[in-house]
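Counting convention: from 1, in listed order, for ligands and their atoms alike. Along the sequence shown, the residues carry numbers beginning at 1.
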Amino acid sequence: MGSGDTSYPIREIPFGSMGGLYDQDDVRAALEVLQAAAGAGGSFFPLPEEVDFQNAFARHEGAAKAVAVNSCGTALDLCMMALGVGPGDEVITTPLTFVCTATCALARGAEVVLADVDPETLCLDPDQVRRCMTGRTRAVIPVHFAGLAADCGAFERLARETGVAVVYDAAHAVSTRWRGESIGGFGQASCYSFQSNKNMTTLGEGGAVTTDDEEFAESVRRMKTFGYVYGKETRVVSVGFNYRMTKVQAAVGISQLRKIDRVVARRLEVFREMHRQLEGVEEIIRPAGIGPDHGCHLYVCRLDTGRVPFGRDAFLSTLKQKYRVSCGIHYPPVWTWDVLARRGYGEAAAGCPVAALAGNQVFSLPLFPQTTNEDCAYLAWALKQSLLETT
Ligand SMILES: Cc1ncc(COP(=O)(O)O)c(C=O)c1O
């Protein structure tokens, strides 16, 4: 590793502050709906925008159906409920994820089982999942980590052979593909996020469930709307909730979908440039799978702690204090959150050595569609300088 002769003026590169990529089309879409709804005879009832958005999103993600909801967290909750997951059941997932991928099972009274990740992709390893399966396994939740598809082929086989439901956490994965194929129709269902910093966003919050199973889609739809079945009279046929997306969000979602391919293509350009800039920096392990199938949501590097005499946190502190670069951590393993730690999930670390190590090495660079090649060069320089200067 050498930092070269170039030196740069310090620039502030925050993580996540750029948020979603809104343009005037989104603003117009929101305003039009708002004005029509607020005018005489208008209403905020989510139709027809909700249905139009669902159809467009299902098409984009290659699924028969999409159900719009208010977040990916609620999408996962609804899938667990629609599957009837409950006490006595086990749900297998990855430790390298946001906490709600695990708590959606705990919330149903089921147990979470943590299986290790693949050392290259950091996605849930299907072989490790098989090792963890018991007669009580009800569902598996792989995460398309950072926008890189989990091994959908292996999980489809596992579902066929064992009858266990696979629900993908696709929070990072709008536009992700697995071997060229859109991922929204794989497994029992996929759960997407449109929260602020995701590939597309619906005014800060939002989510969707996609599935090829029309009955499953109907269960999810019913439960997200109080258990309503519409007919001559509205009936309530099951327990339900209000997890709906608003009319204005759905209109913005339609507008965001019109440009998502362009946005993700731009993300790929930025990721490729960063990849190029970090070539040969042996202390930093670059993310796997950067290419046209990658959703390019997060650029997650690992500090190769075997090669340096300091830890990730000290390194990130230098990067922030001296070079004003903020990184994200995706993710501290879920067993570090109190809610799992106090249930004894810390013990799972011994069975998940890859995730345990990666949890101390990962850091996500502040890359967005707006990032320039100069930003990438600055980031690479700041990273190399921090490698030299951290003690
Ligand atoms: C992997 C993963 N799953 C689920 C979620 C939850 O998404 P939401 O904020 O839309 O509920 C997140 C949020 O960042 C996430 O990263």
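- In summary, Arg276 and Glu279 do not engage in a salt bridge, as defined by a charged side-chain N under 4.0 Å from a carboxylate O.
- The 4.0 Å heavy-atom shell around ligand 1 contains residues Ser71, Cys72, Gly73, Thr97, Phe98, Cys100, Thr101, Asp169, Ala171, His172, Ser193, Gln195, Lys198, Gly206, Tyr331, ordered by chain and number.
- Here the two rings, on Tyr168 and Tyr192, have centers that are 6.0 Å apart or farther.
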Expected list for residues 89-98: side-chain donor-acceptor pairs under 3.5 angstrom, two or more places apart:
{"from": "Asp89", "atom 1": "OD2", "to": "Gly86", "atom 2": "N", "distance (Å)": "2.8"}
{"from": "Glu90", "atom 1": "OE1", "to": "Thr134", "atom 2": "OG1", "distance (Å)": "2.7"}
{"from": "Glu90", "atom 1": "OE2", "to": "Arg136", "atom 2": "NH2", "distance (Å)": "3.1"}
{"from": "Thr93", "atom 1": "OG1", "to": "Ile141", "atom 2": "O", "distance (Å)": "2.6"}
{"from": "Thr94", "atom 1": "OG1", "to": "Leu96", "atom 2": "N", "distance (Å)": "2.9"}
{"from": "Thr97", "atom 1": "OG1", "to": "Thr101", "atom 2": "OG1", "distance (Å)": "2.6"}

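- For Glu347, the CD atom sits in a loose shell: 12 or fewer heavy atoms of surrounding residues, nucleotides or ligands are nearer than 6.0 Å.
- A donor-acceptor pair is defined here as one N or O able to donate and one able to accept, closer than 3.5 Å; no such pair exists between the side chain of Asp52 and the backbone of Glu49.
- Using a distance-only test at 3.5 Å, with no hydrogens or angles considered, a donor-acceptor pair links the side chain of Gln249 to the main chain of Thr246.
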